[in-house]
Amino acid sequence: MLWPKILVFTCLVLLQSGSAVSLGGRGYDYGRDLEPTLLRREDDQNSLVQPIPYNDTIPLRLEIRDLKNHNETWTLYILAMSWMQWMNQSDPLSWYSVTGIHGAPFADYGGVKAVPGNKANGYCTHVSNLFPTWHRPYLALYEQTIYKFVQMIASWFPPDRREAYQKAAATFRIPYWDWALKPAPGESVWPMFLGGMVNIEIDGPNGVQNISNPLYSYTFKPLNSSDFDQFPFMYWNETKRRPQPQQSANATSDNGWVAQALDSHLSSIQQRLYTLFSNYKDYATWSNEAWITDVNNASTDSIESLHDTIHLACGGNYGHMAIIAYSSFDPVFFLHHANLDRLFAMWQVVHNDSYVESMKAILPTRTIYIGDVQDARSDLTPFYRNETSFWNSDQVRDHKVFGYSYADAASGNRSEVIATINKLYTDFSPATMNLSATRRPLSREMSWKASSSGSLPVELIMNDGQYQEWIANIRVNKHTLNASFNIYLFLGEIPESPSEWDFASNMAGTLGIFAGPQHHAGAGQQKVSGTVPLTSALMGIVASGGLASLDPRHTDPFLRQNLGFRIKHNNGSMVAPTDADGLSISIVSSSVKSAANEHELARWCDVTSHFDLY
Ligand SMILES: *[C@@H]1O[C@H](CO)[C@@H](O)[C@H](O)[C@H]1NC(C)=O
Ligand SMILES: *[C@@H]1O[C@H](CO)[C@@H](O)[C@H](O)[C@H]1NC(C)=O
Ligand SMILES: *[C@@H]1O[C@H](CO)[C@@H](O)[C@H](O)[C@H]1NC(C)=O
Ligand SMILES: *[C@@H]1O[C@H](CO)[C@@H](O)[C@H](O)[C@H]1NC(C)=O
Ligand SMILES: *[C@@H]1O[C@H](CO)[C@@H](O)[C@H](O)[C@H]1NC(C)=O
Ligand SMILES: *[C@@H]1O[C@H](CO)[C@@H](O)[C@H](O)[C@H]1NC(C)=O
Ligand SMILES: *[C@@H]1O[C@H](CO)[C@@H](O)[C@H](O)[C@H]1NC(C)=O
Ligand SMILES: *[C@@H]1O[C@H](CO)[C@@H](O)[C@H](O)[C@H]1NC(C)=O
Ligand SMILES: *[C@@H]1O[C@H](CO)[C@@H](O)[C@H](O)[C@H]1NC(C)=O
Ligand SMILES: *[C@@H]1O[C@H](CO)[C@@H](O)[C@H](O)[C@H]1NC(C)=O
Ligand SMILES: *[C@@H]1O[C@H](CO)[C@@H](O)[C@H](O)[C@H]1NC(C)=O
Ligand SMILES: *[C@@H]1O[C@H](CO)[C@@H](O)[C@H](O)[C@H]1NC(C)=O
Ligand SMILES: [Cu+2]
């Protein structure tokens, strides 16, 4: 894959919105003075989040690779993103203001004031029962903003093209990026237009032009270094992914590494996702990474912990996405979170009887103190539902309240959503193996991580429709290093240099812990938990003859002998396990009944504890 590592910016003076500055990169030249059309009084109230109206069927948020095939929609999306990014940062509709709600610059939005003592926080809720629900109105606010620009830009097309663009604009909704989907052969999980194109050619109202790709990075207009006071962020005029050289003021993004990281973690990511759908029935354990005492050792993972792993893969060491308070400025943030919102909607259809229960806040936000009890009626600030009150989790339980849906959740039909989950997310799991074996010959195109070495006889994995899942349950204090870090599991000899860990062929999986020094002022030590699935890596070893079966009598001794781990700090250095406060890694297995038909998920039996790796 051809991933350019060097950024080349053309510095040109901008016409757009009349207030743009030439700080590198360029926006679209509409060829006329557009300033008067821009701001209306009502846009000052952007914190009022309202449903986007529609006629007939509810408009869908599309997967971004699908949206790209709709030419008018794609053009409007890119132009609207670019417009938002070029706006004056003090404007409440600007990229800077909207993304700034999450963390830095730690400013009030929509007049919603910080509670005393919590000014050094954004509004986002992490390690919290509100993690999935807070991001829902946040995405809706972002969507209503982009939608406004899309309508405006569509109206600027010349009369002969206008109708087609206005038609596309009427049902426009933001896209999502499915990082758990196995890409088409020869392609990366990380689409070229997200990470491989500094500039993008767009056929807008004023003809074909090359503009700075608004999906590649966001360029501050301008950077206020006191808002990003961590070195070297205070020098970076644009968002970076896996910046190289590390911790250098003149680092450039290495999107090739991001693509490789996402591709090599896909098996782990997909196995975790399938397990979160099939074995996590309670919202409390599914929703967030706070470690909840779990006598059964069966619910150590969470959608939030999986989400952290994506943040760290996109950011690499010290990129914006890897820092909670800076992550939202990277254009991939909303694509990632729209996917999470979709997975949330799908999970809700499957487990529709479980929802937000009260829980004490573990981290502070701009409006929440540590220890404040949060429940389904707690305010999701700063998102107003009407002039006097905020949205709460109960009110956003049905995502359709905001006027959008997803093809994979819109029907609300449980058996259809399960069929979709079985279809999309079992490339690396035996969960549907029995099912396909009965329908197709054994040569199902399964992509076992470690096996290019031929087919895997089903009877080595399945016994009467049952198989074994193997998982490493990990707990650690989130802020133990005051930085994000990764825990890697290996089968066999561990490469010496930390730089080789990510792509080592015997790396079984990694758990990313998303943390940082100043995201949540006043946060104490708190335990978080997550998992690294081992099943797919073990199947690869079974396929190549290194292990007789997944049965505990073979696999338990194999893992005791071969499983090892390492910890890597966000700065790329190795961390001794003794320096990771509260660390525990324990190996468990469960017997799982594979799906009997496409409308059923695999069913998990009780979890058995085997041994503690640490
Ligand atoms: C942005 O808007 C603020 C407030 O209206 C104004 O003072 C400032 O000059 C504007 N900045 C630019 C670059 O136009
Ligand atoms: C709904 O239909 C009416 C009447 O055809 C039209 O004026 C309006 O623009 C449509 N709205 C949307 C969001 O499609
Ligand atoms: C969409 O755009 C692509 C490439 O820009 C072009 O090849 C294709 O013909 C367009 N499709 C339609 C339906 O306009
Ligand atoms: C945009 O850039 C590409 C690649 O540099 C070039 O081939 C193309 O002609 C450019 N298009 C325009 C309209 O300048
Ligand atoms: C930069 O940020 C600091 C701290 O948030 C603020 O006091 C200052 O006014 C900002 N400067 C500009 C030019 O916006
Ligand atoms: C960032 O922008 C500022 C202001 O335009 C400029 O002085 C500085 O050299 C830029 N930094 C880099 C690393 O490009
Ligand atoms: C920029 O990075 C290169 C290494 O890629 C280094 O040699 C050079 O000294 C750096 N320049 C500055 C101004 O930091
Ligand atoms: C859960 O795991 C711990 C070790 O991490 C073990 O001591 C305990 O017995 C396990 N509980 C069950 C019910 O297996
Ligand atoms: C949950 O789904 C079941 C089966 O699809 C349905 O009968 C039930 O009414 C739903 N419950 C809620 C609270 O939506
Ligand atoms: C806002 O909504 C709340 C809760 O539904 C309601 O009690 C209140 O009267 C509403 N306020 C206005 C101004 O409509
Ligand atoms: C749900 O989908 C299944 C499979 O497509 C279908 O048989 C069933 O009738 C649907 N249920 C409802 C309530 O529409
Ligand atoms: C598939 O499952 C059924 C029971 O549900 C079992 O009888 C059959 O042996 C299984 N097939 C394989 C290949 O394991
Ligand atoms: Cu996030």
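Count residues from 1 along the sequence. Note that ligands are numbered from 1 as they come in the structure, with each ligand's atoms numbered from 1 the same way.
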- Query: Which atoms of ligand 8 are found less than 4.0 Å from any heavy atom of Ser586?
  - Reply: 5 (O)
- Item | Asn297: numbered ligand 8 atoms lying under 4.0 Å from its heavy atoms | 1 (C), 2 (O), 3 (C), 8 (C), 10 (C), 11 (N), 12 (C), 14 (O)
- Hey, are Lys400 and Asp398 close enough for a salt bridge, meaning a charged N less than 4.0 Å from a carboxylate O? no
- Message: With respect to Gln209, determine whether any N or O atom, backbone or side chain, lies less than 3.5 Å from an N or O atom of ligand 4.
- Response: no
- Message: Checking contacts here: is it the side chain or the backbone of Val607 that comes within 4.0 Å of ligand 8, counting heavy atoms only? Could be both or neither.
- Response: neither
- Query: What atoms of ligand 4 come within less than 4.0 Å of a heavy atom belonging to Val208?
  - Reply: 13 (C)
- Message: What I want to find out is whether Asp178 reaches Arg65 closely enough, with some N-O distance under 4.0 Å, to be called a salt bridge.
- Response: no
- Query: So does Arg241 pair up with Asp330, basic N to acidic O under 4.0 Å?
  - Reply: yes
- With a 4.0 Å cut-off, would you call Arg414 and Glu416 a salt bridge? no
- Message: Counting the benzene-type ring for Trp, do Trp86 and Tyr218 have ring centres under 6.0 Å apart?
- Response: no
- Does Arg61 come within less than 4.0 Å of Asp341, counting only side-chain N to carboxylate O? yes
- Item | Contact (N/O only, under 3.5 Å) between Asn296 and ligand 8 | no
Ignoring hydrogens and angles, write down the donor-acceptor pairs under 3.5 Å from the side chains of residues 607-614, residues two or more places apart or on other chains.
from: Ser609; atom 1: OG; to: Asn297; atom 2: ND2; distance (Å): 3.1
from: His610; atom 1: ND1; to: Asp556; atom 2: OD2; distance (Å): 2.8
from: His610; atom 1: NE2; to: Ser589; atom 2: OG; distance (Å): 2.7

- Looking at Ser609, which atoms of ligand 8 are within less than 4.0 Å of one of its heavy atoms? 1 (C), 2 (O), 10 (C), 14 (O)
- Looking at Phe149, Tyr165, Tyr30, which one forms a ring pair (Phe, Tyr, Trp, His ring centres under 6.0 Å) with Trp156? Tyr30
- Task: Give the protein residues with at least one non-hydrogen atom closer than 4.0 Å to an atom of ligand 9, ordered by chain and number.
- Result: Asn352
- Item | Geometric cation-pi criterion, Arg566 with Phe490: 6.0 Å, 45° | no
